[in-house]
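Read the numbers this way: they start at 1 and go in the same order the structure lists the ligands and their atoms. Atoms considered below: every heavy atom in the structure, side chains included; atoms not considered: hydrogens, waters and symmetry mates.
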Amino acid sequence: MRNMKSEKKQMLHDLIQNTGGCAVTDGGFATQLETHGASINDPLWSAICLIKDPHLIKKVHLEYLEAGANILVTSSYQATIPGFLSKGLSIKEAESLLQRSVKLAIEARDSFWNSAKTNPGNKYRRALVAASIGSYGAYLADGSEYSGSYAPDVNLKKLKDFHRRRLQVLLEAGPDLLAFETIPNKLEAQACVELLEEQSVQIPSWICFTTVDGENAPSGESFKDCLEVINKSDKVDAVGINCAPPQFMENLIFKFKQLTKKAIIVYPNSGEVWDGKAKKWLPSKCFYGDDFGYHSTRWRDLGAKIVGGCCRTTPFSIQLISNALRENLK
Ligand SMILES: C[S+](C)CC[C@H](N)C(=O)O
Ligand SMILES: N[C@@H](CCS)C(=O)O
Ligand SMILES: [Zn+2]
(Lines give C-alpha, C1' and ligand atoms only; values in the text may rest on other atoms or scores of the structure.)
(Ligands and ions follow the chains in the order given, each with its own letter.)
Protein backbone atom coordinates (compact mmCIF):
# COMPACT_ATOMS: atom_id res chain seq x y z
CA MET A 1 0.00 0.00 0.00
CA ARG A 2 1.21 3.51 -0.78
CA ASN A 3 1.91 5.78 2.16
CA MET A 4 0.32 9.27 2.48
CA LYS A 5 3.27 10.90 0.84
CA SER A 6 3.22 8.94 -2.33
CA GLU A 7 -0.57 8.99 -2.46
CA LYS A 8 -0.95 12.78 -2.61
CA LYS A 9 2.18 13.22 -4.70
CA GLN A 10 0.78 10.61 -7.03
CA MET A 11 -2.51 12.55 -7.21
CA LEU A 12 -0.69 15.65 -8.47
CA HIS A 13 1.38 13.58 -10.87
CA ASP A 14 -1.75 11.84 -12.20
CA LEU A 15 -3.59 15.14 -12.57
CA ILE A 16 -0.81 16.53 -14.74
CA GLN A 17 -0.69 13.34 -16.80
CA ASN A 18 -4.44 13.14 -17.22
CA THR A 19 -4.73 16.75 -18.33
CA GLY A 20 -2.37 16.13 -21.24
CA GLY A 21 0.76 17.22 -19.40
CA CYS A 22 -0.44 20.56 -18.09
CA ALA A 23 -2.97 21.13 -15.31
CA VAL A 24 -4.93 24.34 -14.81
CA THR A 25 -4.87 26.19 -11.52
CA ASP A 26 -7.52 28.83 -10.80
CA GLY A 27 -7.44 32.59 -11.36
CA GLY A 28 -7.56 35.79 -9.31
CA PHE A 29 -9.36 34.83 -6.15
CA ALA A 30 -9.50 38.26 -4.52
CA THR A 31 -10.45 39.76 -7.88
CA GLN A 32 -13.50 37.56 -8.17
CA LEU A 33 -14.51 38.28 -4.57
CA GLU A 34 -14.48 41.96 -5.49
CA THR A 35 -16.54 41.30 -8.59
CA HIS A 36 -19.20 40.02 -6.23
CA GLY A 37 -19.03 43.19 -4.16
CA ALA A 38 -16.66 42.12 -1.38
CA SER A 39 -14.77 44.96 0.22
CA ILE A 40 -11.22 43.75 0.80
CA ASN A 41 -9.41 47.00 1.45
CA ASP A 42 -8.14 45.64 4.73
CA PRO A 43 -4.85 44.40 6.20
CA LEU A 44 -6.23 40.87 5.77
CA TRP A 45 -7.13 41.58 2.13
CA SER A 46 -9.00 38.61 0.59
CA ALA A 47 -8.81 36.73 3.92
CA ILE A 48 -11.21 39.24 5.50
CA CYS A 49 -13.95 37.25 3.75
CA LEU A 50 -13.12 34.25 5.95
CA ILE A 51 -14.63 36.30 8.78
CA LYS A 52 -17.24 38.32 6.94
CA ASP A 53 -18.33 36.29 3.97
CA PRO A 54 -17.43 32.60 3.82
CA HIS A 55 -20.30 31.91 1.43
CA LEU A 56 -18.75 34.19 -1.13
CA ILE A 57 -15.49 32.26 -0.87
CA LYS A 58 -17.27 29.05 -1.74
CA LYS A 59 -19.11 30.73 -4.58
CA VAL A 60 -15.83 31.92 -6.11
CA HIS A 61 -14.30 28.46 -5.78
CA LEU A 62 -17.31 26.99 -7.58
CA GLU A 63 -17.00 29.56 -10.37
CA TYR A 64 -13.40 28.59 -10.97
CA LEU A 65 -14.29 24.91 -11.01
CA GLU A 66 -17.05 25.59 -13.51
CA ALA A 67 -14.49 27.48 -15.63
CA GLY A 68 -12.28 24.38 -15.73
CA ALA A 69 -9.75 24.82 -12.90
CA ASN A 70 -8.10 21.55 -11.88
CA ILE A 71 -6.61 23.10 -8.75
CA LEU A 72 -8.28 25.47 -6.28
CA VAL A 73 -6.05 27.79 -4.26
CA THR A 74 -7.55 28.51 -0.84
CA SER A 75 -8.48 31.88 0.65
CA SER A 76 -5.57 31.81 3.13
CA TYR A 77 -3.07 33.95 1.16
CA GLN A 78 -3.20 36.83 3.64
CA ALA A 79 -4.78 34.85 6.50
CA THR A 80 -2.31 34.69 9.37
CA ILE A 81 -2.58 34.14 13.09
CA PRO A 82 -1.05 37.55 14.00
CA GLY A 83 -3.32 39.17 11.40
CA PHE A 84 -6.42 37.68 12.99
CA LEU A 85 -5.17 38.50 16.50
CA SER A 86 -4.90 42.14 15.52
CA LYS A 87 -8.61 42.00 14.69
CA GLY A 88 -9.28 41.03 18.31
CA LEU A 89 -9.78 37.32 17.66
CA SER A 90 -8.33 34.59 19.87
CA ILE A 91 -5.65 32.13 18.73
CA LYS A 92 -8.30 29.42 18.67
CA GLU A 93 -10.56 31.52 16.45
CA ALA A 94 -7.64 32.41 14.19
CA GLU A 95 -6.71 28.77 13.77
CA SER A 96 -10.26 27.79 13.04
CA LEU A 97 -10.47 30.45 10.31
CA LEU A 98 -7.35 29.05 8.71
CA GLN A 99 -8.92 25.61 8.76
CA ARG A 100 -12.10 27.08 7.34
CA SER A 101 -10.18 28.26 4.26
CA VAL A 102 -9.27 24.68 3.43
CA LYS A 103 -12.68 23.29 4.37
CA LEU A 104 -14.51 25.75 2.10
CA ALA A 105 -12.39 24.74 -0.88
CA ILE A 106 -12.80 21.03 -0.13
CA GLU A 107 -16.56 21.45 0.22
CA ALA A 108 -16.75 23.33 -3.08
CA ARG A 109 -14.60 20.71 -4.80
CA ASP A 110 -16.63 17.81 -3.41
CA SER A 111 -20.04 19.23 -4.21
CA PHE A 112 -18.96 20.24 -7.72
CA TRP A 113 -17.38 16.88 -8.43
CA ASN A 114 -20.25 14.84 -6.98
CA SER A 115 -22.54 16.52 -9.44
CA ALA A 116 -20.14 16.63 -12.44
CA LYS A 117 -19.20 12.96 -12.26
CA THR A 118 -22.81 11.87 -12.66
CA ASN A 119 -22.84 13.51 -16.09
CA PRO A 120 -21.14 11.11 -18.53
CA GLY A 121 -18.83 12.83 -20.97
CA ASN A 122 -18.36 15.88 -18.76
CA LYS A 123 -15.10 17.71 -19.36
CA TYR A 124 -14.12 17.92 -15.70
CA ARG A 125 -11.74 16.09 -13.43
CA ARG A 126 -11.79 15.95 -9.67
CA ALA A 127 -9.87 19.06 -8.63
CA LEU A 128 -7.14 19.29 -6.00
CA VAL A 129 -7.10 21.81 -3.16
CA ALA A 130 -3.91 23.81 -2.63
CA ALA A 131 -3.58 25.63 0.70
CA SER A 132 -2.30 29.12 -0.05
CA ILE A 133 0.59 30.40 2.04
CA GLY A 134 1.27 34.01 1.16
CA SER A 135 4.69 35.52 1.78
CA TYR A 136 5.64 37.52 4.88
CA GLY A 137 5.38 40.58 2.65
CA ALA A 138 1.72 39.77 1.98
CA TYR A 139 1.06 39.73 5.73
CA LEU A 140 2.78 43.12 6.09
CA ALA A 141 0.16 44.49 3.67
CA ASP A 142 2.59 47.11 2.39
CA GLY A 143 3.22 45.68 -1.06
CA SER A 144 6.58 44.24 -0.03
CA GLU A 145 5.85 40.94 -1.73
CA TYR A 146 6.77 42.92 -4.87
CA SER A 147 9.94 44.49 -3.45
CA GLY A 148 11.46 41.67 -1.42
CA SER A 149 13.04 44.21 0.88
CA TYR A 150 12.15 43.21 4.40
CA ALA A 151 13.40 45.05 7.50
CA PRO A 152 16.97 44.22 8.62
CA ASP A 153 15.72 42.15 11.58
CA VAL A 154 13.85 39.76 9.27
CA ASN A 155 16.20 36.80 9.37
CA LEU A 156 15.72 33.11 8.61
CA LYS A 157 14.47 32.31 12.12
CA LYS A 158 11.91 35.11 12.06
CA LEU A 159 10.54 33.96 8.71
CA LYS A 160 10.32 30.34 9.85
CA ASP A 161 8.61 31.39 13.08
CA PHE A 162 6.15 33.46 11.05
CA HIS A 163 5.25 30.59 8.73
CA ARG A 164 5.39 27.62 11.12
CA ARG A 165 2.08 27.55 12.99
CA ARG A 166 -0.03 28.54 9.99
CA LEU A 167 1.58 25.76 7.98
CA GLN A 168 0.79 23.23 10.72
CA VAL A 169 -2.83 24.35 11.03
CA LEU A 170 -3.40 24.33 7.28
CA LEU A 171 -1.90 20.85 7.03
CA GLU A 172 -4.23 19.57 9.75
CA ALA A 173 -7.19 20.69 7.62
CA GLY A 174 -6.22 18.15 4.94
CA PRO A 175 -5.38 20.02 1.71
CA ASP A 176 -3.99 18.08 -1.26
CA LEU A 177 -1.00 20.37 -1.63
CA LEU A 178 0.66 23.52 -0.35
CA ALA A 179 1.04 26.66 -2.46
CA PHE A 180 3.66 29.16 -1.32
CA GLU A 181 2.79 32.32 -3.24
CA THR A 182 4.53 35.59 -4.19
CA ILE A 183 7.81 34.74 -2.47
CA PRO A 184 10.05 37.76 -3.14
CA ASN A 185 13.54 36.65 -2.07
CA LYS A 186 15.91 33.77 -1.46
CA LEU A 187 15.76 33.92 2.35
CA GLU A 188 12.02 33.33 2.42
CA ALA A 189 12.32 30.47 -0.08
CA GLN A 190 14.89 28.93 2.25
CA ALA A 191 12.58 29.39 5.24
CA CYS A 192 9.77 27.59 3.38
CA VAL A 193 12.01 24.70 2.34
CA GLU A 194 13.45 24.31 5.85
CA LEU A 195 9.95 24.25 7.34
CA LEU A 196 8.77 21.60 4.89
CA GLU A 197 11.74 19.48 5.95
CA GLU A 198 11.43 20.25 9.66
CA GLN A 199 7.72 19.44 9.69
CA SER A 200 8.21 16.33 7.54
CA VAL A 201 5.46 17.50 5.22
CA GLN A 202 4.10 14.55 3.26
CA ILE A 203 1.93 16.33 0.68
CA PRO A 204 3.27 17.99 -2.47
CA SER A 205 4.07 21.69 -2.51
CA TRP A 206 4.91 24.45 -4.94
CA ILE A 207 6.94 27.58 -4.31
CA CYS A 208 6.23 30.55 -6.56
CA PHE A 209 8.17 33.78 -6.76
CA THR A 210 7.07 37.14 -8.03
CA THR A 211 9.22 39.28 -10.29
CA VAL A 212 9.05 42.90 -11.36
CA ASP A 213 11.82 42.96 -13.94
CA GLY A 214 11.06 39.59 -15.54
CA GLU A 215 14.60 38.37 -14.84
CA ASN A 216 15.18 38.20 -11.10
CA ALA A 217 13.31 37.90 -7.83
CA PRO A 218 11.95 41.24 -6.57
CA SER A 219 14.90 41.42 -4.12
CA GLY A 220 17.26 41.54 -7.13
CA GLU A 221 18.61 38.07 -6.34
CA SER A 222 18.94 35.81 -9.34
CA PHE A 223 16.56 32.88 -9.76
CA LYS A 224 19.66 30.72 -10.04
CA ASP A 225 20.48 31.61 -6.43
CA CYS A 226 16.86 31.32 -5.30
CA LEU A 227 16.38 27.88 -6.83
CA GLU A 228 19.59 26.45 -5.41
CA VAL A 229 18.08 25.87 -2.00
CA ILE A 230 14.80 24.58 -3.45
CA ASN A 231 16.47 22.10 -5.77
CA LYS A 232 18.11 20.36 -2.81
CA SER A 233 14.77 19.36 -1.29
CA ASP A 234 12.41 16.65 -2.46
CA LYS A 235 9.65 18.30 -0.42
CA VAL A 236 9.10 20.83 -3.20
CA ASP A 237 7.43 19.46 -6.31
CA ALA A 238 6.99 22.54 -8.48
CA VAL A 239 8.56 25.98 -8.72
CA GLY A 240 7.63 28.99 -10.74
CA ILE A 241 6.14 32.43 -10.90
CA ASN A 242 2.86 33.93 -9.81
CA CYS A 243 1.38 37.42 -9.84
CA ALA A 244 3.81 38.88 -12.37
CA PRO A 245 2.95 40.20 -15.84
CA PRO A 246 2.10 37.51 -18.41
CA GLN A 247 4.63 38.82 -20.94
CA PHE A 248 7.47 37.63 -18.66
CA MET A 249 6.36 34.00 -18.58
CA GLU A 250 7.90 32.61 -21.78
CA ASN A 251 11.39 33.82 -20.92
CA LEU A 252 11.06 32.66 -17.32
CA ILE A 253 9.87 29.17 -18.23
CA PHE A 254 12.88 28.91 -20.51
CA LYS A 255 15.16 30.10 -17.72
CA PHE A 256 13.64 27.86 -15.04
CA LYS A 257 13.98 24.84 -17.34
CA GLN A 258 17.73 25.37 -17.20
CA LEU A 259 17.79 25.90 -13.44
CA THR A 260 15.66 23.05 -12.11
CA LYS A 261 14.36 19.57 -12.79
CA LYS A 262 11.20 20.27 -10.82
CA ALA A 263 7.87 20.84 -12.50
CA ILE A 264 7.37 24.43 -13.60
CA ILE A 265 4.27 26.41 -12.74
CA VAL A 266 3.23 29.84 -13.97
CA TYR A 267 0.13 31.79 -13.05
CA PRO A 268 0.62 35.40 -14.01
CA ASN A 269 -1.58 38.34 -13.13
CA SER A 270 -3.22 40.51 -15.81
CA GLY A 271 -0.15 42.73 -16.20
CA GLU A 272 -1.57 45.47 -14.00
CA VAL A 273 0.75 46.67 -11.26
CA TRP A 274 -0.09 46.72 -7.54
CA ASP A 275 0.45 50.07 -5.85
CA GLY A 276 1.09 48.95 -2.28
CA LYS A 277 0.67 52.45 -0.82
CA ALA A 278 -2.52 53.43 -2.61
CA LYS A 279 -3.74 49.81 -2.41
CA LYS A 280 -4.95 49.73 -5.94
CA TRP A 281 -4.05 48.25 -9.31
CA LEU A 282 -2.41 50.54 -11.85
CA PRO A 283 -2.77 49.98 -15.60
CA SER A 284 -0.38 47.62 -17.30
CA LYS A 285 2.89 49.20 -18.44
CA CYS A 286 2.90 47.32 -21.70
CA PHE A 287 0.11 45.99 -23.84
CA TYR A 288 0.19 42.26 -24.17
CA GLY A 289 -2.56 40.21 -25.74
CA ASP A 290 -5.12 39.17 -23.19
CA ASP A 291 -5.67 35.82 -24.87
CA PHE A 292 -4.76 33.59 -21.98
CA GLY A 293 -5.88 30.63 -24.07
CA TYR A 294 -3.26 31.11 -26.73
CA HIS A 295 -0.54 32.07 -24.26
CA SER A 296 -1.23 29.08 -22.04
CA THR A 297 -0.57 26.70 -24.93
CA ARG A 298 2.76 28.46 -25.47
CA TRP A 299 3.63 28.11 -21.79
CA ARG A 300 2.65 24.46 -21.85
CA ASP A 301 4.71 23.84 -25.01
CA LEU A 302 7.71 25.51 -23.41
CA GLY A 303 7.48 23.09 -20.49
CA ALA A 304 5.10 24.44 -17.84
CA LYS A 305 3.22 21.67 -16.06
CA ILE A 306 0.71 23.86 -14.23
CA VAL A 307 -0.68 27.15 -15.59
CA GLY A 308 -3.40 29.52 -14.47
CA GLY A 309 -4.00 33.11 -13.50
CA CYS A 310 -3.37 35.33 -10.51
CA CYS A 311 -4.64 38.79 -9.57
CA ARG A 312 -7.03 40.53 -11.99
CA THR A 313 -7.58 37.39 -14.00
CA THR A 314 -11.08 35.94 -13.88
CA PRO A 315 -13.05 32.74 -14.41
CA PHE A 316 -13.22 33.78 -18.07
CA SER A 317 -9.40 33.76 -18.27
CA ILE A 318 -9.41 30.26 -16.76
CA GLN A 319 -12.09 29.09 -19.17
CA LEU A 320 -9.93 30.30 -22.08
CA ILE A 321 -6.93 28.42 -20.67
CA SER A 322 -8.86 25.25 -19.96
CA ASN A 323 -10.47 25.17 -23.40
CA ALA A 324 -7.25 25.98 -25.24
CA LEU A 325 -5.22 23.34 -23.45
CA ARG A 326 -7.85 20.67 -24.06
CA GLU A 327 -8.32 21.61 -27.70
CA ASN A 328 -4.62 21.80 -28.47
CA LEU A 329 -3.32 18.73 -26.76
CA LYS A 330 0.37 18.54 -27.41
C1 LIG B 1 -1.14 40.12 -4.11
S2 LIG B 1 -1.21 41.74 -3.43
C3 LIG B 1 -2.27 42.59 -4.48
C4 LIG B 1 -2.17 41.45 -1.98
C5 LIG B 1 -2.44 42.65 -1.16
C6 LIG B 1 -1.27 43.18 -0.44
N7 LIG B 1 -0.54 42.18 0.31
C8 LIG B 1 -1.74 44.26 0.52
O9 LIG B 1 -2.27 43.94 1.56
O10 LIG B 1 -1.61 45.42 0.19
N1 LIG C 1 -4.18 33.80 -4.25
C2 LIG C 1 -4.21 35.16 -3.76
C3 LIG C 1 -3.41 36.11 -4.57
C4 LIG C 1 -1.99 35.83 -4.61
S5 LIG C 1 -1.07 37.14 -5.26
C6 LIG C 1 -5.63 35.68 -3.65
O7 LIG C 1 -6.23 36.06 -4.65
O8 LIG C 1 -6.15 35.74 -2.53
ZN1 LIG D 1 -1.82 37.73 -7.33
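- Within a 6.0 Å sphere centred on NZ of Lys279, other residues, nucleotides and ligands contribute more than 12 heavy atoms.
- In this structure, the side chains of Thr19 and Val24 stay at 4.5 Å or more apart for every pair of heavy atoms.
- Minimum heavy-atom separation, Glu188 to Tyr150: OE1-OH, 2.5 Å.
- Remark: distances from the non-hydrogen atoms of Ala138 to ligand 1 include one below 4.0 Å.
- Within the 4.0 Å heavy-atom cutoff, Ser132 does not count among the residues contacting ligand 2.
- At a heavy-atom distance under 4.0 Å, only side-chain atoms of Cys310, from C-beta outward, approach ligand 2.
- The nearest protein atom to atom 3 (C) of ligand 2, hydrogens excluded, is given as Trp45 CZ3, 3.8 Å; this is a heavy-atom distance.
- Using cut-offs of 30° and 60° for the angle between ring planes, the Tyr267 and Trp206 rings count as perpendicular.
- Annotation: atom 1 (C) of ligand 1 to nearest protein heavy atom, Tyr146 OH, 3.0 Å.
- For ligand 2, the polar-atom distance check against Glu181 finds a nitrogen or oxygen pair separated by under 3.5 Å.
- More than 12 heavy atoms of other residues, nucleotides or ligands sit less than 6.0 Å from atom NZ of Lys123.
- Inter-residue side-chain proximity for Ser222 and Asn216 is flagged as met; some heavy-atom pair is nearer than 4.5 Å.
- Residue Pro184 forms a side chain to side chain contact (heavy atoms under 4.5 Å, CB included) with just one option from Ser144, Ser219, Ser135, and that option is Ser135.
- Angle SG(Cys311) to the Zn ion (ligand 3) to SG(Cys310): 130° [nearest 10 degrees].
- When only interatomic distances are considered, the shortest N/O to N/O separation between Ser46 and ligand 2 falls below 3.5 Å.
- Close approach of ligand 2 to Thr182 is summarised as follows: ligand atoms under 4.0 Å from at least one heavy atom of the residue are 5 (S).
- The N/O atoms of Glu145, backbone and side chain alike, include one that comes under 3.5 Å of an N/O atom in ligand 1.
- Counting atoms of ligand 2 from 1 in the listed order, those under 4.0 Å from a heavy atom of Cys243 are 5 (S).
- For atom 9 (O) of ligand 1, the closest non-hydrogen atom on the protein side is Gln78 NE2, 2.7 Å.
- When heavy-atom distances to ligand 2 are checked against a 4.0 Å cut-off, Tyr77 comes that close only through its side chain, counted from C-beta outward.
- With a heavy-atom cut-off of 4.0 Å, Ala47 does not touch ligand 2 at all.
- A parallel orientation is assigned to the rings of His295 and Trp299, their planes being inclined by less than 30° (bins at 30° and 60°).
- A centroid separation of 6.0 Å or more is found between the aromatic rings of Tyr77 and Phe29.
- Counting non-hydrogen atoms of neighbouring residues, nucleotides and ligands closer than 6.0 angstrom, the NZ atom of Lys59 reaches no more than 12 such neighbours.
- Under a 4.0 Å criterion applied to the non-hydrogen atoms of Trp281, ligand 1 contributes the atoms 3 (C).
- Residue Phe29 does not touch ligand 1, judged by heavy-atom distances below 4.0 Å.
- Salt bridge Arg298/Asp301: absent, no basic N to carboxylate O contact under 4.0 Å.
- Contact between Tyr139 and ligand 1 is absent, with no heavy atom of the residue lying under 4.0 Å from the ligand.
- Shortest non-hydrogen contact noted between Ala131 and Ser76 is C-OG, 4.2 Å.
- Under 4.0 angstrom from ligand 2, the non-hydrogen atoms of Ala30 come from both its backbone and its side chain.
- Annotation for ligand 2: atoms under 4.0 Å from non-hydrogen atoms of Phe29 are 6 (C), 7 (O), 8 (O).
- When hydrogens are left out, the protein atom nearest atom 8 (C) of ligand 1 is Lys279 NZ, 3.3 Å; that is the closest non-hydrogen contact.
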